[in-house]
Amino acid sequence: MRLYSTLTRRLEELPPAPGPIRMYFCGPTVYQRAHIGNARPFVLGMWLRAWLRDRGYEVTLVHNITDINDKIYEAAPGASAELAARAARWYLDDIGDLGLGLPDELPQATQYVPQIVAFIEQLVDRGAAYAAGGDVYFAVESDPGYGRLSGQRVDQMEPEERSSLKRAPEDFALWKATKPGEDTSWESPWGPGRPGWHIECSVMAEEAFGPVFEIHGGGLDLVFPHHENELAQSHALGHGFAEIWTHNGLLTFGGEKMSKSLGNDVSIRNVVDTWGREVVLLFFLSGHWRKPIEFTDATLQQAKAQAEGFRNVFRSPSEPGGDWSALEAALDDDFNTPEALAAMHGWRDRELLRRGLSLFGLGSLAEREEAPAELTALAAARQRAREAKDFAEADRLRDEIAAAGWEVRDAAGGFELVPSPLQPDVGGSTADVSSS
RNA sequence: GGCGCCUUGGCCGAGUGGUUAGGCACAGGUCUGCAAAACCUGGUACACCGGUUCGACUCCGGUAGGCGCCUCCA
C-alpha cells in the first residue's frame, strides 16, 4: 500500500500490516453549517481506515474539530462558545448522516488548553518561541528546515503587514492575549488568552498518538501555513510528528474553490438532503482524492445514475465472475478510487459487489426496498390485465403506480416494483447556496 | 514576485512509451403487447509548439489557459 505524500512529493510505501497506522485528519472550524468540501477529508479518512483495516492493519483515525478560532468570535460576538458547541453538534450530525460511522476520536481544541499551554511553555524554554505583550509567537528563524512541507521560502513570501509584537513577519501566534469582546479565554503564564490555530492541532495529534505517527491528512489549502507550522512546532521539540502527509484536492463550485468566505458553499446537510448520502459518496468516489472535483448538477446527476446502476445489479440474478484483486490493486496504489469504481462496475456477483461497495459505505445499495402493499396489489392487478390482454387498463395501472413514485418492471413470470429513479426525492438543484 | 498542481472523446474520469480504461449521456439492436430494466453494438480522445525515440497522449523543454497557496480557510 502506498500513498502520495506532500512532504516528499512522491509515493510512500506504508509499513507492513498490521502497522499500526495512526492517522490525524484536520476537521473544520465550527461556526456555521459545514460545507460539502469540508466532508472530503472526513470521507477520505474514513475510507482509508476501512480499507487499511480490510488489509489487516490496526488503524486509528483522529479527526479534530477546531472550536477556538477568530472566525468563531467574529461570527457570534459575545456568544462564541455557544455557537461553537452548536456548530460542532451540527458537524457531528452531518458527517454521521453520511453513514460511514465515526472516527476513533474527535478531539476539540477547548478540551486541550492545558496541554497546549504546556506545549507552548516547552517551546519558549527551548528558545523556539517568545512572549510579547501577552501573546506568544513561534520564531520561524529558529527552524532552519522551515518550508520543508510547502516549499515556501520565507524570503520570497508576499510582504505582510507587520504586527508590532512580532520579531519577524513570518512568525506566527501560539497564544493570543484575550481581546475586548471575546467571551472565552483561558489562564496562562502569559495572562488570559487563547491558543493559536496551528498549535491546537500539533497538541491534539500528539496527545492522541505521541510524538510520531504515520499519516496526517487535510485539505490542500492547509499545506501552508497550517501544516507547515504544525510541523515546525513539533520539530522544535525534537518530535518527528507525521511521516506521510496526504492533502486532498479541493472541491470547486463555479470554477472556484468552495469556501465560506467566497460565499459559494453548499452545506453537507443540503447536499445530503437533496441527493442522498449514496450519491454524495459516489460523487467523491468518482474522482481521485488528490485532484480537485467540480461540484455541479451534472456530476451529481451522473453519480446518481451510477447508484441506480448498482442497485439494478442487486435486482438481477447474481452472476459469478469479477476479481477482488483488481480492486485491491487500485486501492493499494495511492488509493485510486476511480479505478476501483471501474472494477466494481464490471461485477455482477452480488456478494463480491456488496463487499466492495461496503468498503465505501455503499452497502445499502444492495438492499431492496419493499413496495407498499397497495402498490403491490395494483401491480398484481396490472399483471392480470395484461394476461387478459386489456393493455389499456394495464397501462393505466402502470401510470397510477408511477404517480406514487414507483416503477413496475416486468420480470420472469411476474413483476418487480422499484422506487422510481426519476422520482421524487432528487430534484437536484445546487442553487440554494448559503447566503450568510 | 515565490511555491505547487492541472489541461484526456458530448459530460465525468483513470491510465500507460507500442495493448478496449470505466461511468454518464446519446444512437441502433435483442427482449417486451408497448415500455422499463437487462444484454449486445456504435463514435476512437488525450491544450498548443518543439525535442528525445524505431515509436509519445505517456519522457524533456517551451507556449497558452485554468486552479490552489503565500491572510482565516477541508
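Chain identifiers are assigned alphabetically (A, B, ...) following the order of the sequence lines, protein sequences preceding nucleic acid strands; residue numbering begins at 1 within each chain. All figures in this text were calculated on a predicted structure; none of them were measured in a lab.
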Taking the C1' atom in each of B:C59 and B:U53, what is the distance between them to the nearest angstrom? 10 Å
Does a side-chain N or O from A:Arg348 land closer than 4.0 Å to OP1 or OP2 of B:C39, or not? yes
What is the distance from CG of A:Leu331 to P of B:G15, rounded to the nearest Å? 12 Å
Under 4.0 Å, counting only non-hydrogen atoms across every strand here, what does A:Pro28 touch: a base, just sugar-phosphate, or nothing? sugar-phosphate
Just how far, in rounded Å, is P of B:A37 from CD of A:Glu308? 9 Å
Rounding to an integer number of Å, can you tell me how far A:Asp155 CG sits from B:G2 C1'? 9 Å
What's the closest nucleotide to the A:Ser261 side chain, out of B:G15, B:A74, B:C72? B:C72
Identify the residue among A:Asp273, A:Asp265, A:Asp94 that makes a salt bridge (Lys or Arg N to Asp or Glu O under 4.0 Å) with A:Arg33. A:Asp94
Ring centroid separation for A:Phe25 and A:His63, is it under 6.0 angstrom? no
Under 3.5 Å on both distances, the Watson-Crick or G-U partner of B:A27: B:U41
Reckon A:Gly27 touches a base, only the sugar-phosphate, or nothing at all at heavy-atom distances under 4.0 Å? sugar-phosphate
Which value, in whole Å, describes the distance between the P atoms of nucleotides B:G51 and B:C57? 14 Å
Can you tell me if A:Glu228 uses its side chain to pair, donor with acceptor, with the backbone of A:Ser150 under 3.5 Å? yes
Within the 4.0 Å heavy-atom criterion, would you say A:Met258 contacts the bases, only the backbone, or no part of the nucleic acid? base
Check: A:Asp410 side chain, B:A37 base, donor-acceptor under 3.5 Å: no
Can you tell me how far P of B:G23 sits from CG of A:Leu327, to the nearest Å? 16 Å
Pairing partner (Watson-Crick or G-U wobble, both distances under 3.5 angstrom) of B:U19: none
Cation-pi check, A:Arg194 to A:Trp186: give yes when NZ or CZ is under 6.0 Å from the six-membered ring centre and within 45° of the ring axis, no otherwise. no
Please tell me which of the listed nucleotides, B:A74, B:C34, B:G13, lies nearest to the side chain of A:Pro338? B:G13
Less than 3.5 Å between a donor and an acceptor, one on the side chain of A:Gln302 and one on the base of B:G23, is that the case here? yes
Taking atom C1' in both B:G22 and B:G9, what distance in whole Å separates the two? 14 Å
Rounded to whole angstroms, how far apart are CG on A:Leu357 and C1' on B:G23? 14 Å
Nearest-nucleotide 5' precedence on RNA chain B, A:His288 against A:Arg382: A:His288
In whole angstrom, give the distance that lies between atom NE2 of A:His226 and atom P of B:C3. 24 Å
Check every atom of B:G33, B:G2, B:A74 against the side chain of A:Gln156 and return the nucleotide holding the closest atom. B:G2
State which of B:A37, B:G68, B:G22 makes the closest approach to the side chain of A:Lys257. B:G68
Whether A:Tyr146 and A:Phe224 hold their rings parallel, tilted or perpendicular, with breakpoints at 30° and 60°: perpendicular
Can you tell me how far P in B:A25 sits from the matching atom in B:A36, rounded to whole Å? 13 Å
Using 30° and 60° as the class boundaries, would you call the ring planes of A:Phe241 and A:Phe213 parallel, tilted or perpendicular? perpendicular
What is the separation between atom CZ on A:Phe224 and atom P on B:C3, rounded to the nearest whole Å? 13 Å
Look at the side-chain N and O atoms of A:Thr296 and state whether any lies under 4.0 Å from the OP1 or OP2 oxygen of B:C12. no
Looking at B:A38, I'd like to know if its phosphate oxygens (OP1 or OP2) sit under 4.0 Å from a side-chain N or O belonging to A:Asn312. yes
What interatomic distance, in whole Å, is found between C1' of B:A64 and the corresponding atom of B:A47? 8 Å
Rounding to an integer number of Å, can you tell me how far A:Trp289 CH2 sits from B:C6 P? 13 Å
Heavy-atom donor-acceptor pair, A:Gln152 side-chain to B:G2 base, under 3.5 Å: yes
Please determine, for B:C59, whether a Watson-Crick or G-U wobble partner exists with both distances under 3.5 Å, and give it or none. B:G51
Between A:Phe295 and A:Phe283, what is the ring plane arrangement, given parallel below 30°, perpendicular above 60°, and tilted in between? perpendicular
How would you label the contact of A:Asp70 with the nucleic acid (heavy atoms, under 4.0 Å): base, sugar-phosphate, or nothing? nothing
How would you label the contact of A:Arg315 with the nucleic acid (heavy atoms, under 4.0 Å): base, sugar-phosphate, or nothing? nothing
Between B:A27 and B:G18, how many Å separate the two C1' atoms, rounded to a whole number? 32 Å
Under a 3.5 Å cut-off for both contacts, is B:C5 paired Watson-Crick or G-U wobble with anything, and if yes, with which nucleotide? B:G66
Does either side chain, that of A:Tyr130 or that of A:Asp171, offer a donor lying less than 3.5 Å from an acceptor on the other one? yes
Would you indicate what A:Leu251 reaches in the nucleic acid, counting non-hydrogen atoms under 4.0 angstrom: base, sugar-phosphate, or nothing? base
On RNA chain B, more 5' by nearest nucleotide between A:Leu220 and A:Arg153 is A:Arg153
Side-chain donor/acceptor contact of A:Glu294 with base of B:C12 under 3.5 Å: no
Closest nucleotide among B:G22, B:C70, B:C24 to the A:Pro225 side chain: B:C70
Pair A:Arg2 + A:Asp334: basic N to acidic O under 4.0 Å: no
Determine the Euclidean distance between corresponding P atoms of B:U7 and B:U58; express it in Å to zero decimal places. 12 Å
Give me the distance, rounded to whole Å, that separates B:C31 from B:C40 when you measure between the C1' atoms they each carry. 11 Å
Determine: side-chain N/O of A:Lys291 to OP1/OP2 of B:C67, distance under 4.0 Å, yes or no. no
Any donor-acceptor pair under 3.5 Å joining the side chain of A:Arg398 to the base of B:A35? yes
